[in-house]
Amino acid sequence: MVDVSAKTPSERKAIAEGRVVMAAKTLDLVLAGNAKKGDVLGAARIAGIMAAKRTHELIPLCHPLAIAQVEVDIRPNAKLPGIEVEARVKVAGPTGVEMEALTAVAVACLTIYDMVKALERGMRIEGIRLVEKRGGRSGHYRVKE
């Protein structure tokens with residue numbers, strides 16, 4: 001692991017996004033709350049939050065962080081069709097939370113896939129990326145659209 005003990009703690013934030021693309025009929029079933037495994041969107045939201053908190057257990061050499069806030073927003077999008085996922089993570093510490101935000105999105109998307117894969121195995125998880133980060137030595141980053 002990189003030694004971050006000499007770094008001054010500061011407020012750091014990261015935002016990541018991704019999506020699960022599926023057939024319109026699969027999306028309709030999710031939105032109606034009729035998936036056999038239960039509340040797809042609620043389970044995905046909780047899974048994303050839990051994943052952010054456990055990133056250091058999943059990704060080698062990531063520091064365990066005392067995360068101050070994790071928000072996972074899940075939005076259906078009929079135009080995809082599919083579900084968009086956004087995670088925002090915040091910490092006051094010596095290292096950033098980009099990996100935590102990305103992990104939250106990835107696990108939320110995987111949860112969505114798992115909960116409806118019996119209906120549609122051809123769903124695609126795509127577009128997982130860092131959208132924005134603030135804080136730390138490298139300063140502010142925002143993806144260019």
Side-chain angles (χ1 to χ4, degrees), residues 1-23 26-27 29-77 80-145:
M1 282 173 48
V2 174
D3 183 359
V4 295
S5 61
K7 288 178 146 187
T8 304
S10 64
E11 182 175 277
R12 296 158 187 267
K13 299 177 185 177
I15 301 170
E17 68 181 10
R19 62 188 166 270
V20 182
V21 180
M22 61 187 63
T26 305
L27 179 59
L29 181 106
V30 169
L31 296 178
N34 292 330
K36 285 186 180 181
K37 288 190 173 185
D39 178 7
V40 175
L41 304 183
R45 185 174 291 110
I46 295 297
I49 292 167
M50 291 173 62
K53 293 169 56 174
R54 302 188 91 155
T55 298
H56 69 282
E57 296 175 12
L58 301 169
I59 308 295
L61 308 179
C62 275
H63 291 85
L65 301 175
I67 294 173
Q69 181 181 29
V70 180
E71 294 180 8
V72 176
D73 289 332
I74 299 178
R75 297 176 302 274
N77 182 337
L80 278 176
I83 300 169
E84 298 172 330
V85 178
E86 181 181 88
R88 292 177 302 286
V89 183
K90 183 172 151 181
V91 70
T95 189
V97 287
E98 298 95 278
M99 292 308 300
E100 287 72 11
L102 288 162
T103 300
V105 168
V107 171
C109 288
L110 286 166
T111 300
I112 293 164
Y113 183 94
D114 177 61
M115 292 189 73
V116 293
K117 69 181 183 268
L119 295 166
E120 181 184 350
R121 299 228 183 248
M123 290 178 287
R124 294 186 320 273
I125 296 171
E126 58 186 36
I128 297 175
R129 65 180 180 166
L130 180 68
V131 174
E132 185 173 9
K133 68 138 290 315
R134 292 182 178 272
R137 185 181 63 224
S138 62
H140 182 242
Y141 165 83
R142 174 103 179 133
V143 70
K144 293 177 174 52
E145 295 297 323

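Just so you know, residue 1 is the first one in the sequence shown, and it goes up from there. These numbers come from a predicted model, not from an experiment.
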Going from [atom1] on [X] to [atom2] on [Y], what distance comes out if it is rounded to the nearest 0.5 angstrom?
{"X": "D73", "Y": "L41", "atom1": "CG", "atom2": "CG", "value": "11.5 Å"}
{"X": "I67", "Y": "T55", "atom1": "CD1", "atom2": "OG1", "value": "6.0 Å"}
{"X": "N77", "Y": "M22", "atom1": "CG", "atom2": "CE", "value": "11.0 Å"}
{"X": "I83", "Y": "T26", "atom1": "CD1", "atom2": "OG1", "value": "9.5 Å"}
{"X": "K13", "Y": "H140", "atom1": "NZ", "atom2": "NE2", "value": "10.0 Å"}

L29 to A35 - nearest heavy-atom pair and separation: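 Scanning both residues, the minimum pair turns out to be CD2-CA, 3.8 Å.
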R129 side chain vs E17 backbone, donor-acceptor pair below 3.5 Å: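 Not confirmed, R129 side chain does not pair with E17 backbone.
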Sidechain-backbone polar pair: K133 side chain, G135 backbone, donor-acceptor under 3.5 Å: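 Yes, K133 side chain to G135 backbone: donor-acceptor pair under 3.5 Å.
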Ion pair check, R142 and E132, cut-off under 4.0 Å: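 Judged by the 4.0 Å cut-off on N to carboxylate O distance, R142 and E132 do form a salt bridge.
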Are any of the side-chain heavy atoms of [X] and [Y] separated by less than 4.5 Å?
{"X": "I15", "Y": "E86", "result": "yes"}
{"X": "C109", "Y": "M123", "result": "no"}
{"X": "L130", "Y": "V143", "result": "no"}
{"X": "V107", "Y": "T111", "result": "yes"}

Side chain to side chain donor-acceptor pair (under 3.5 Å) contacts in which one or both residues fall within residues 44-54, not counting sequence neighbours: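 Output for this query lists R54-E57.
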Passing candidate, salt bridge (charged side-chain N to carboxylate O under 4.0 Å, His left out) with R88, options E98, E100, E71: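 Among E98, E100, E71, the one that satisfies the salt bridge (charged side-chain N to carboxylate O under 4.0 Å, His left out) with R88 is E71.
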